[in-house]
Each structure stands twice: as C-alpha cells, then as structure tokens.
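Have a look at the structure below, then the notes.
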Amino acid sequence: MALKSLTLNNFTAFTEAEFNFAPQLNVIIGENGAGKTHVLKVAYSAIYVSAKGGKEPGAMRPTKAHLQTAVADKLIAVFKPDELGRLARRNRPGRQRCEVSCWFDTPDDQLSYTPADHLKFSFNTSSKSETTVDQTPNAWVDKLPVYLPTRELLTIYPGFVSLYETTHLPFEETWRDTCILLGAPLARGARAGRIRELLQPLEDAMGGKVDLTDSGRFYLDVNGVNMEMHLVAEGLRKLAMIARLIATGSLVDKGFLFWDEPEANLNPKIIKLIARTILYLCQNGIQVFIASHSLFLMRELDILLQNPKFKETEARFFGLHREGADILVQQGDTIDDIGQIDALQEELSQSDRYLQSETN
Amino acid sequence: MPVITEDALTFDFPVDWQAEKFDAWSFYKNQFSRCGEACTSCSKCDHKNASGVKAIDILAIDTNSCCWCIEIKDYRQWQRTKPSDLADEVALKVRDSLATLVAARVNANVANEQSMANAALRCSRLRVVLHLEQPAKPSKLFPQGINPTNVQQRLKQLIKAIDPHPLVIDMKRMTQMNSVAWSVS
C-alpha cells in the first residue's frame, strides 16, 4: 500500500495544495519556512494513525470514533502546537476550517474491491484536541511508517522512550516513534539475504556494524571492538540509524520512510551513499519521502535515476514556492518540472559575487 | 568546412554541415529586430519598455536533421552577463531565434538565409548549446568561476520544451566529453 495523494486545505502555510505522490521516491524541495517538514509530518501522522490501530490487540476495521481522537492526538504530539486549532491556517478573521485528505493506493492483489482507501479529517481554528473524520479508510495500513528527523537518535536512545512516556518532554513524538523502531529485534528469516545486501555498503562506509547491547546502548562494532555511538562521527551515526532500521526489518519489503534533510551533518562522500541507499530502499518496496535543501543530494539522485539500475524507479519532485502569504506547489516527474530551485539560484548568485570580487 | 570566428574563438564545423553567424543575418538585423521595438508596459508604473529581440550567435544544421542553436559567452574577454542571468538570457535568445527562423523562411530577402531557415525548420531535432569560456583567474574555492552544471540545470528548466538536454561546454569540456562534432580553438 502506498500514499497516492495528499490534499491540504488551510493547513499551516497551505491554503490549498495537492500532492500526487510516486509509489517509490518523492523529493520535496523549498526554502526554509516553505512548509516541507509540515508536509512530511502531516503525511507521517496520517499513515501512522492508519497503521497503529491495526496493531492493537483484537483490532477490527478502522472506525470513525477511534480515528477522531487518534488523528488529533498524533497531530498534537508530532507538531507540538499549543492546541490543535493552531495548525489551521488563519488568513482572515473568524473561524476557519482545515481539511486534510489522504488517498492510499491499494495493490490489485489485495482488497481489489476497494479502488483506494481514503482518510479525510478536518478541524477548525478553535479546535482544542479533536478532529472530525469525514472519511474512514476501509483497511489498516500494514506497516508503521519511519520518520527520520534531521539529527541522529542513536545517542539519545538509552532510556529515551521510557522517559518520554513518563515525563513531559518538549520533543516531537517522531523521535519517540523512531526510537521504538530502533529498539525492535533484528529481523530474521526469508528477508535476511535482502537485508544483508542493503546493509553491506552502509557497513563498509561506517567501518563496522551497529550493535544494541543488553544495557540498551548503541555501539559500532568495529572488528569485534565496540565503539560508543557518542564517539562515532555524527554523519556516520545517521548511516547507523538507517542501517539499524534495515536490520530490524522496518525498512525492508514494504513501508514508508519520511526523511527530513537527509544531508544534514553529512559530507558529500556520505551524501552520495545516502542517495544510493534511498534508491535501494525504493527498489525494495519502501515509499520514500525526503525534504531537502541540498543541490548535491538532488543531483546525486538525478544522476542515479539515469542509471540503468535505477531507471525504472518511479519518482516525483515537488517545489514549494512562497507566493505572498501563500505556498504554491509545483510538481512533476523530473527535477526540471518544479520551478525555480532556490539552492541553484543561490549558487549562481554566489558566482555573481565571486566574479564581482575578482574585478574589484 | 564551415568556419565561424566570434571574437577570440574559432568554430570549425564538419565539412557537410551548414553553419552561419545567425545574429549577423540581414533578415534579423534589418527586418525582424524591429519587432523588438514593440512596447510592454509595467502595470504598476505604466512605464513603457521596448521588449527587444535577441538572437543566438551560430545556427548550424548537421547531416542527421538536427538544428543546433549555439550561443557563445567568453568570460575571458567580457563579463557582461551576470552568471545568474546567463541561462535566462540564452533561453530568450533561443526563443527569439526560433521566431526569427519562422519569419525568415517566408520573408527573408537574402536567398541563402531563406533556404537555411527552411532547412532549419525542416529538422526533426533542436539542440541548444552554450559555449561558455570561464573567467581567466580560477581560485581554490572556485576552480570554475561559473559552475557550468548550475547554468545547464537552470537552462534545462527554462527550455525543456525546446531541448530537454541543453549543453554547456567549453574548449576543455568538449574535448573530454566528446559531446559535439565541431571543434573550437
């Protein structure tokens, strides 16, 4: 099952926006404050809620009553607004309604009698903590999505989840969700071969294997010697996080990966590897959503998508552009279809300044 | 073998190609450029500006029915265009040149210009090339004062409808990549 499309009406910075996603790679590009992370988070929250209920003991089909509270709770936990209504766009006086719709594509071999599952919810600017579910999906999403924030989480992992559950911590719930997935046991069985294949280049780059000890701490096992994650370079810890999620099966076979600025804290050599890993994950049935500023990462993905090995990858690119107080979304199958790329324009402007400095 | 010299650069095209200095065409200079005197007014200040018509430097037609629009920017000599405006300027020149060709096919007074316009418009492919010679003084942080990949990517965004794979090359890159059939010295 993949997220086919998302429509936002009066949600945070978006007055009206529609995102038609590819089943494999989705790249969202835009300057700071254009709403990239909001798109990732709202899609993540919707998928999480649509999957989590199915994992509860004795879960039946999704119900409106369950989702009304679950969606609101998740949005509040992920976005951390003072109250839910703060997520509804206020572009004129008076109460305004915010609507979010997600369409899930159901593969033909499963539930072929349902053309697509649809979750639609709404709330208004004065909502405290409850949404109205206008459309209930026919079935649960089968796998919890993975959200990778801009920083790595392995070093904060020990005790983080229990602390999060017992104390009021001002961290977004995505951190807790991902920590739970990082702590899952290693996957075994038929998937082991595929997992090994995906892990090998990451372990080569890290120079070791990720190990979770009984004390609940992550180490990098370098030829049998454990190195504390705190002593490993920050960039390599991000690789280690991906490696662990592959090893536990969260990013194998099927699933969703939301990755906010994969390039943060990484040097170009590792970004190159990250780009390749992203496409390998896509090939392995993961629907990937990334938000990025990095021209280097975008170009690396663009180059790989021309490579015969990845040429068949279905990809969509989204450009978020400020138009006055509004955000305009331009989307297409290639990076050339999404309007001006700010990172590119800034590089060109830097050339202007460099040439100017040379002539002074 | 058609040979075209533009300031300090000499372009040698294969013997069976047609190639001409397009912005020197009589039809462009004396007839079509007048279209550029048309005024556009800004809605805010009502100030009128001539829209202007510009043309690419070289028009070439190869033996495989491909029409090449070549623009030359030699930053060793001149730095008139800011790098951030470069792709936009080329895109406008290509657009105007294609419009010039359409009119030249039916209205050019010089027979050679009319027949080349006719041949260009019968081609089955259009290619756009920016020949960009880098500023003479590179630095450690800016081994190329103008990153050709940046210009190429911006150009690709602008003229995808004309040529989805425009090239930005210089003498060094064209030899390494062997991307075009002509040589430049």
Side-chain angles (χ1 to χ4, degrees), chain A residues 27-31 263 267-268 271-272 275 292-307 311 315-321 323-324 328-360, chain B residues 43-44 71 73-92 94-95 126-128 130 132-168 170 173 177 179:
Chain A
V27 183
I28 303 169
I29 294 157
E31 60 182 295
E263 69 273 11
N267 69 39
I271 296 177
K272 205 168 66 179
S292 178
H293 289 291
S294 164
L295 201 55
F296 191 91
L297 175 63
M298 292 174 222
R299 284 181 172 158
E300 213 48 49
L301 288 170
D302 196 42
I303 292 166
L304 287 171
L305 287 170
Q306 315 298 324
N307 183 319
K311 215 175 169 54
R316 286 286 278 181
F317 293 83
F318 303 85
L320 307 188
H321 307 282
E323 285 237 323
L328 178 77
V329 181
Q330 277 183 281
Q331 54 195 295
D333 295 342
T334 74
I335 198 139
D336 305 314
D337 300 324
I338 60 165
Q340 186 163 298
I341 300 168
D342 291 302
L344 174 63
Q345 292 308 117
E346 283 309 317
E347 285 220 2
L348 285 163
S349 304
Q350 193 178 43
S351 289
D352 295 354
R353 295 194 295 279
Y354 169 67
L355 293 187
Q356 185 64 42
S357 73
E358 287 294 293
T359 52
N360 286 340
Chain B
S43 59
K44 285 183 188 153
E71 176 62 16
K73 291 286 175 193
D74 190 350
Y75 278 74
R76 299 170 309 171
Q77 306 272 328
W78 304 99
Q79 295 195 7
R80 276 182 296 210
T81 309
K82 286 198 300 184
S84 56
D85 294 335
L86 200 47
D88 298 63
E89 184 181 315
V90 174
L92 290 174
V94 171
R95 182 195 69 181
L126 291 168
R127 295 300 312 272
V128 175
L130 168 62
L132 172 65
E133 286 299 330
Q134 293 286 331
K137 282 198 320 187
S139 75
K140 179 92 173 169
L141 281 175
F142 291 91
Q144 291 176 307
I146 309 165
N147 184 341
T149 315
N150 289 341
V151 180
Q152 186 165 301
Q153 191 165 4
R154 174 72 183 143
L155 190 57
K156 201 171 157 193
Q157 286 181 320
L158 294 169
I159 61 160
K160 195 177 174 190
I162 299 168
D163 177 6
H165 303 289
L167 295 172
V168 177
D170 57 24
R173 248 160 83 98
M177 295 165 64
S179 47

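By convention in this document, chain letters (A, B, ...) are assigned in the order of the sequence lines, proteins followed by strands, and residues within each chain are numbered from 1. Owing to the predicted nature of the structure, the values given are computational and were not obtained by experimental measurement.
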Practice item. Enter the distance from A/S351:OG to B/K82:NZ here, rounded to the nearest 0.5 Å. Key: 12.0 Å
Review point. How far does CD of A/Q350 sit from CD1 of B/I146, to the nearest 0.5 angstrom?
Key: 13.0 Å
Study note, to complete from the structure: Smallest heavy-atom separation, A/L344 atom then B/R154 atom, equals CD2-N, 3.8 Å
Review point. Chain A: which of B/L86, B/T149, B/V151, B/N147 shares the most heavy-atom pairs with it under 4.5 Å?
Key: B/T149
Practice item. Check whether A/I338 gets within reach of chain B through its side chain, its backbone, both or neither, counting any heavy atom under 4.5 Å. Key: neither
Study note, to complete from the structure: If one checks every heavy atom of A/Q345 against chain B at 4.5 Å, the contacting part turns out to be side chain
Practice item. Kindly say whether A/L348 contributes a backbone atom to a donor-acceptor pair with the side chain of B/S84 at under 3.5 angstrom? Key: no
Check your understanding: Can you pull out the residues in residues 155-165 of chain B with any heavy atom less than 4.5 Å from chain A?
Key -> B/K156, B/Q157, B/K160
